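I have placed the structure first, in the form of structure tokens, so that the comments after it can refer back to it.
Below, chain A is the first sequence line, B the second, and so on; all start at residue 1. Source: prediction; values computed, not measured.
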Amino acid sequence: MKKHLEALLQGAVDALKESGGIAREIVPDILVERTRDARHGDFASNLALTLAKPARCNPRELAQRIINALPDDAAIERVEIAGPGFINFFVKLQSQYQVIETIHEQGHFFGRSEIGKGLNVQVEFVSANPTGPLHVGHGRGAAYGGVVANLLAAVGYDVQREYYVNDAGRQMDILAVSIWLRYLEECGELLPFPGNGYRGEYVRDIAWELHKEAGDRYRCPADRVMDGVPPDEPQGGDKEEHIDALIARAGTLLGPERYRVILQSGRDHILADIREDLAEFGLHYDEWFSERVLMQSGAVESALAKLRAGGHLYEKEGALWFASSALGDEKDRVVRRENGQTTYFASDIAYHMNKLERGFERIIDIWGADHHGYVPRIKAAMQAMGEDPSKLEVLLVQFAVLYRGKEKISMSTRAGEFVTLRQLRNEVGKDAARFFYCLRRAEQHMDFDLKLACSQSNDNPVYYVQYAHARVCSVLRQLDEKGLERNLTQGMEQLERLIESHEQALIGTLSRYPEILERAALQHEPHQLTQYLRELANDFHTYYNAHQFLVDDNALRNARLNLICAVRQVIANGLSLLDVSAPESM
RNA sequence: CUCCCCGUAGCUCAGUUGGAUAGAGCGCAGGAUUCCUAAUCCUGAGGUCAGAGGUUCGAAUCCUCUCGGGGAGGCCA
């Protein structure tokens, strides 16, 4: 309807240009939007206001001329000029009822579109290091990314969901050492645990299992482990030097083979846990992409070779630098350290090249907001490689600050004190957690009150929406119990019986759904969908309280049932995009 | 010091990409069920849209500055 009206206005403008009413050079930006106030009709355009200045004409007068040039249209009841020069459209009730039939016909597909034209898009999200379980901070990125991917798929993009596994690099070594040291404790060795190690309980669990399976195969005496290792921070040393020495010691005492087994087992354990966690949270990835596999394929080296060939690399102070500052970054970045190891950034360059080589026409990375400084350098790298940086879109998700009531909860992965995503799911349930995360814009800092979310009270808006769905189901059950018939065809024929203001409002809200979906998808804003669903549920609950659906009048009853079934369908469609269940009873 | 995000009702947040009298939930004060689920609904109080300028027919929205909160600025990831 919106686009239809825009086309009508375009026609009117063209006609005015023909007749010399306005100058031909003027190219107006024709925009029709829904009104906030029913008294302003159903749709409004500010065309006359924006056109007034270039056309050198009084806006109200111009509006009148535009209206005069508008062709007759079957869907339009009347057109008015209001305020400073708005053109308000009143749509005939008859054509508004149409949406109920459309929803019934299209069912699960109602609201979907093909705007994406099958464009290949990759959405990469969560991608937490496999060094520990996911915490509630990851939960937000997980819910957000999953819904963004669903939304894009719903409007016609060909979407691939990917998790990048950072399983190369020092963090994995720290994990391996942490496991090994806990394992040695299992064996009965007495040694201090490094301040910089992973102290979480899950490390002990992995160590315990390793000991159970392998016995003393990886055991070394404590004094040989600690011999000559520089002191840890509490003892006046440097915690980084301390743990690096322990990593080196583990390598020499265990040998590369046994060391690799421990590292691999830690990685596999934690990754399996993350996969299960995300699956239970409703997320299913198409690809789990390993950084280590990428490195072994030689992709990092060839990416560096390509940069070097383009003249973007130089040596300084023993390290290899990428001249990113010439391409919009704040400063140049190291890609190969003095010790010969490539940096995480080097892997990331290769990774993004790999994405493009796989044929994705658009790449969406969803990162924590603390990585925002990282965006210019990765775009610089793409440009240096001769790629179009605008193919990459980075969406930043702000952290959620956790509260339990008034008390702020601090989070530290190393200390293992964080609240895990799994704990959250167990306490509040998947549906509530997902809905809660998607209630706010991603760039918005979010206060996440666990006490509130855990309370399972009415405060949680997910129940409000789900209840509307369950209520429709309940009405249909009552229909059976009362032995009443439902005649779908009669209901469709009698839709003009829906004359109550509550019904009009509900129909209007239903017809907005496709627009909401499009906006939410293109702007990557799931909260528009959750916000809409609350409105729809509100309209429905209000209607429910004001009118009886199961009335004796067959025609009216069938018309109302068709309306509320349309509501149920749209709620189910919206919730399914959020990966939130739509229960038939509560 | 530089850059990014943010500042809207007591609290948590929306605000249709510059539109008409700024909204919702929670909380607070009242009220609604002989009737399809009261996990619901209705009414009310509550605002200098952080502040000051500017852009124009029109600003919570765009520009500049100030104040305040959070984050980033590693040969960590």
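A 4.5 Å side-chain heavy-atom check between A/V462 and A/Y464 finds every atom pair outside the cut-off. Two residues are said to be in side-chain contact when any heavy atoms from C-beta on lie closer than 4.5 Å; A/K2 and A/S45 fail this criterion. Side-chain contact between A/I364 and A/L152: present, with at least one pair of heavy atoms (C-beta onward) separated by less than 4.5 Å.
Using modelled atom types, one finds a donor on one side chain and an acceptor on the other under 3.5 Å when comparing A/H524 with A/E393.
Side-chain N/O atoms of A/T542 include one lying less than 4.0 angstrom from OP1 or OP2 on B/rC42. The side chain of A/R337 places an N or O atom within less than 4.0 Å of a non-bridging phosphate oxygen (OP1 or OP2) of B/rC76. In this model, the phosphate group of B/rG25 is not approached by any side-chain N or O of A/Y463 to a distance below 4.0 Å at OP1 or OP2. When the side-chain nitrogen and oxygen atoms of A/H527 are compared with OP1 and OP2 of B/rG15, one or more of them lie within a distance under 4.0 Å. Contact between the side-chain N/O atoms of A/R471 and the OP1/OP2 oxygens of B/rA38 is found at a separation under 4.0 Å.
Across the P atoms, B/rA9 and B/rG25 are found 16 Å apart, a figure rounded to whole Å. Distance noted for atom P between B/rG27 and B/rU12: 15 Å (whole Å). To the nearest whole angstrom, the two C1' atoms, one in B/rG58 and one in B/rG18, are 8 Å apart. The gap from the C1' atom of B/rC13 to that of B/rC49 amounts to 13 Å, rounded to the nearest Å. Comparing B/rG7 with B/rU61, their P atoms are spaced 11 Å from each other, to the whole Å. Nucleotides B/rG47 and B/rA22 place their P atoms 13 Å apart, quoted to the nearest Å. Distance noted for atom P between B/rA59 and B/rU21: 10 Å (whole Å). Rounded to whole Å, the separation between the P atoms of B/rC65 and B/rU2 comes to 11 Å.
Of the candidate nucleotides B/rC36, B/rC75, B/rA77, B/rC36 has the atom lying nearest to any side-chain atom of A/Q548. You'll find that the side chain of A/Q478 is closest to B/rC36, out of B/rA39, B/rA77, B/rC36.
The separation between A/R336 atom CZ and B/rC76 atom P is 14 Å, rounded to whole Å. A/L529 has its CG atom 14 Å from the C1' atom of B/rA14, to the nearest Å. Atom OH in A/Y543 sits roughly 19 Å away from atom C1' in B/rA32 (whole-Å rounding). The distance between atom CD1 of A/I174 and atom C1' of B/rA77, rounded to the nearest whole Å, is 10 Å. Summarising the geometry, the separation between CD on A/Q523 and C1' on B/rU16 is reported as 8 Å, rounded to the nearest angstrom. A/L536 places its CG atom 20 Å from the P atom of B/rU16, with the value rounded to the nearest Å. The interatomic distance linking A/R377 (CZ) with B/rA77 (P) rounds to 11 Å, in whole Å. Distance CG (A/D539) to C1' (B/rA24): 12 Å, rounded to an integer number of Å.
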For this session: Give the C-alpha distance, both sets of side-chain angles, the deciding distance and a yes or no for side-chain contact (heavy atoms from CB on, under 4.5 Å) between A/Q528 and A/Q523.
Result: CA-CA 10 Å; A/Q528 294 199 29; A/Q523 298 178 8; 3.1 Å; yes
For this session: Would you check, one step at a time, whether the test side-chain hydrogen bond (donor to acceptor under 3.5 Å, both in side chains) holds for A/Y351 with A/E291?
Result: CA-CA 8 Å; A/Y351 177 44; A/E291 180 187 3; over 6 Å; no
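Nucleic acid contact class of A/A546 (heavy atoms, under 4.0 Å, all strands): none. At the heavy-atom level, A/A82 lies under 4.0 Å from base atoms of the strands shown. A/H40 comes within 4.0 angstrom of a nucleotide base, judged by non-hydrogen atoms across all strands. Nucleic acid contact class of A/F345 (heavy atoms, under 4.0 Å, all strands): none. In this structure, A/R512 reaches neither bases nor backbone, as no heavy-atom distance under 4.0 Å exists between it and the strands shown. Residue contacts for A/A52: at a heavy-atom cut-off of 4.0 Å it reaches no nucleic acid atom on any strand shown.
A cation-pi contact links A/R78 to A/F90, judged by a cut-off of 6.0 Å to the six-membered ring centre and 45° from its axis.
Ring-centre distance between A/F322 and A/Y314: not below the 6.0 Å cut-off. Annotation: A/Y532 is in aromatic contact with A/Y513 [ring centroid separation under 6.0 Å].
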Exercise. Using Watson-Crick and G-U wobble pairs with both distances under 3.5 Å, what is the 5'-to-3' dot-bracket string of RNA chain B, with [ ] for crossing pairs and | for pairs outside the strand?
Worked result: (((((.(..((((.....[...)))).(((((.......))))).....(((((..]....)))))).)))))....
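In terms of position on RNA chain B, the residue among A/D37 and A/N545 whose nearest nucleotide sits closer to the 5' end is A/D37. Mapped onto RNA chain B by nearest heavy atom, A/N88 and A/H547 fall at different nucleotides, with A/N88 at the one closer to the 5' end.
Under 4.0 Å is where a charged nitrogen must lie from a carboxylate oxygen, and between A/D167 and A/R267 at least one such pair does. A salt bridge is defined here as a Lys NZ or Arg NE, NH1 or NH2 lying under 4.0 Å from an Asp or Glu carboxylate O, and A/K355 with A/D365 meets this definition. A/R557 has no carboxylate O lying under 4.0 Å from a charged side-chain N of A/E485, or vice versa, which leaves the two without a salt bridge.
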Exercise. How does protein reach along nucleotides 54-60 of chain B, written 5' to 3' as B (base within reach of a heavy atom under 4.0 Å), S (only sugar-phosphate), or - (no contact)?
Worked result: ---B---
Exercise. Which parts of nucleotides 4-13 of chain B does protein reach within less than 4.0 Å, heavy atoms only, written one letter per nucleotide 5' to 3' as B for base, S for sugar-phosphate only and - for none?
Worked result: SB------SS
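The aromatic rings of A/W288 and A/Y163 lie parallel to each other, with less than 30° between the two planes, well short of the 60° mark.
Residue A/F86 and nucleotide B/rA20 are classified as a stacked aromatic pair, their ring centres being separated by less than 5.5 Å at an interplanar angle below 30°.
Rounding to the nearest 0.5 Å places CZ of A/R434 at 6.5 Å from NZ of A/K430. The distance from atom CG of A/L550 to atom CG of A/L556, rounded to the nearest 0.5 Å, is 11.0 Å.
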